[in-house]
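Report on the following structure.
One-based numbering, in listed order, for ligands and for the atoms of each.
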Amino acid sequence: MSDRPVDKPWREKYLVFGAPSIGAAERAEVLACIESGWLGAGPRVAEFERRLAAYLAAPVAVAVNSCTAALHLALRVLDLPLGSEVITTAMTFCATANAIVHAGHEPVFADCDRATLNIDVKDVRRKITPRTRAIVPVHFAGRPCVMGPLMQLASQHGLAVVEDAAHALEATIDGRHCGTLGDFGCFSFYVTKSLTTVEGGMVVPRDPRRAARIKTLALHGMSADAWQRYGDEGFVHYEVEEPGFKYNLTDFAASIGLHQLAGLDERWRRRQTLWRFYEQQLADLPLTLPAPPAPNTRHALHLFTCLVDDTRTDLARDRVLARLHALRIGAGVHYRPVHQHPWYRRSTGDRTGTLPNAEWIGARTFSLPLSAGMTDEDAADVVRALRHIFT
Ligand SMILES: Cc1ncc(COP(=O)(O)O)c(C=O)c1O
């Protein structure tokens, strides 16, 4: 029987998808920050930026309050003509495309590769027109895109590249970090990410001279930030250089980030153990598991995405999700393709059918819990639940 009417959960506690691991050091730093009397953007943000840049071997990093803000700012400081076409993948979170719209441009979706789920460079080439000005690749689930051919294509056509590295803080290609290869890299520190500040993000410009304008735009366009105005060196007046946004990170959030960064590799190794366990234990189920990492790359192991193999089971993806939920296992969907969401359908015309791989994956994909804080028993429960569902 593949579709029993009732699934009796054996777990008492719901296994939360993407639960963060916040340790004693983070808690102590948050308390120290509160006691310091300075919670807004200040010295802890500056230290977090320095350490993150050092981790990435990047010249500079600018902290903001989300990856969405990072993408928006990166696209803004490029100063592209309004209404430019910006090519991105349909297989991404809506924020990637929304940021293009917020910057005043038109997202043009390229299809993804069925095996890697990353943007298909051949389709990017097909989508380039005289109005194209930039490409926004996404290192999907933490797997590096093929940046060599993509950068070559961009330079042939004079296009900027903004890497959406929301999933890919630990990812590298030939030892170089994803997010440091294009003109800008944008990172996310949302709660489900491998490094969290609850909400947060980082813009990493390849050219360090661009950092000052990003910083200004991230804080209303003001010439002096709050720490400079009210800090221990005395009051300083500010000037508004251009109308900016309220995108700054806070010291309160950076308190968590500083110590999350210190534990990043240890948490990656824990996810690697869980990843291998899933690979071994799920190999015989009617699922397509993530493709093995490409040579000379490091996968950030952010999402363990499975595809329901409908040649081997009648169970639809949404039914699998409902049954996992009934068994108290939280799962995710990354993603239903962006062009199929109502606003994109209305604004660009219904393109359903034109991005076949993204649509095919969007109907079959689901992601298993993969957090460093999971116990071996938690992971065994996920496997047990899937075995129960598929037998
Ligand atoms: C691929 C991708 N890009 C951008 C974002 C936006 O990140 P944030 O929530 O930090 O704005 C996310 C968030 O999950 C994402 O998955």
For this session: Report yes if some heavy atom in the side chain of Ile135 is under 4.5 Å from a heavy atom in the side chain of Val124; otherwise report no.
Result: yes
Exercise. Looking at side-chain heavy atoms only, is the closest gap between Cys306 and Leu368 below 4.5 Å?
Worked result: yes
Seminar exercise, completed: In ligand 1, the atoms that come under 4.0 Å of a heavy atom of Thr96 are 3 (N)
Exercise. Looking only at protein heavy atoms, which one is nearest to atom 13 (C) of ligand 1, and how far off is it?
Worked result: Lys193 NZ, 3.3 Å
Exercise. For ligand 1, does Ser66 get within less than 4.0 Å through its side chain, its backbone, both, or neither, judged by non-hydrogen atoms?
Worked result: both
Problem set entry | Ionic contact status for Arg270 with Glu266, cut-off 4.0 Å | no
Exercise. Which atoms of ligand 1 sit under 4.0 Å from any heavy atom of Gly200?
Worked result: 10 (O)
Exercise. Looking at atom 11 (O) of ligand 1, what's its closest protein heavy atom, distance included?
Worked result: Thr68 OG1, 2.5 Å
Exercise. Trp268 ring centre to Arg298 NZ or CZ under 6.0 Å, with the angle to the axis within 45°?
Worked result: yes
Exercise. Atoms of ligand 1 less than 4.0 Å from Thr92 heavy atoms?
Worked result: 1 (C)
For this session: Please write down residue, atom name and distance for the protein heavy atom closest to atom 12 (C) of ligand 1.
Result: Phe93 CD2, 3.5 Å
Exercise. Does His334 have a non-hydrogen atom less than 4.0 Å from ligand 1?
Worked result: no
For this session: Return a yes/no value for Glu199: is any of its N or O atoms, backbone included, closer than 3.5 angstrom to an N or O of ligand 1?
Result: no
Exercise. Looking at Lys127 and Asp123, does any basic side-chain N land under 4.0 Å from a carboxylate oxygen?
Worked result: yes
Problem set entry | Distance from atom 9 (O) of ligand 1 to nearest protein heavy atom, with residue and atom | Tyr190 CB, 3.9 Å
For this session: Look at Asp309 together with Arg312 and state whether they make a salt bridge at an N to O cut-off of under 4.0 Å.
Result: yes
Seminar exercise, completed: Closest to atom 4 (C) of ligand 1 among protein heavy atoms sits Asp164 OD2, 3.5 Å
Exercise. Looking only at heavy atoms of Tyr335, does any of them come nearer than 4.0 Å to an atom of ligand 1?
Worked result: yes
Seminar exercise, completed: Of Gly18, Ala97, Ala69, Cys67, the residue with the heavy atom nearest atom 7 (O) of ligand 1 is Cys67
Exercise. Are any of the side-chain heavy atoms of Leu39 and Cys33 separated by less than 4.5 Å?
Worked result: yes
For this session: Check ligand 1 against Val138 and write out every atom of the ligand that is under 4.0 Å from a heavy-atom position of the residue.
Result: 1 (C)
For this session: Considering only non-hydrogen protein atoms, determine which one is nearest to atom 16 (O) of ligand 1 and report residue, atom name and distance to 0.1 Å.
Result: His167 NE2, 2.7 Å
Exercise. Ring centroid separation for His334 and Phe366, is it under 6.0 angstrom?
Worked result: no
Exercise. Between Asp381 and Arg328, is there a salt bridge with N-O shorter than 4.0 Å?
Worked result: no
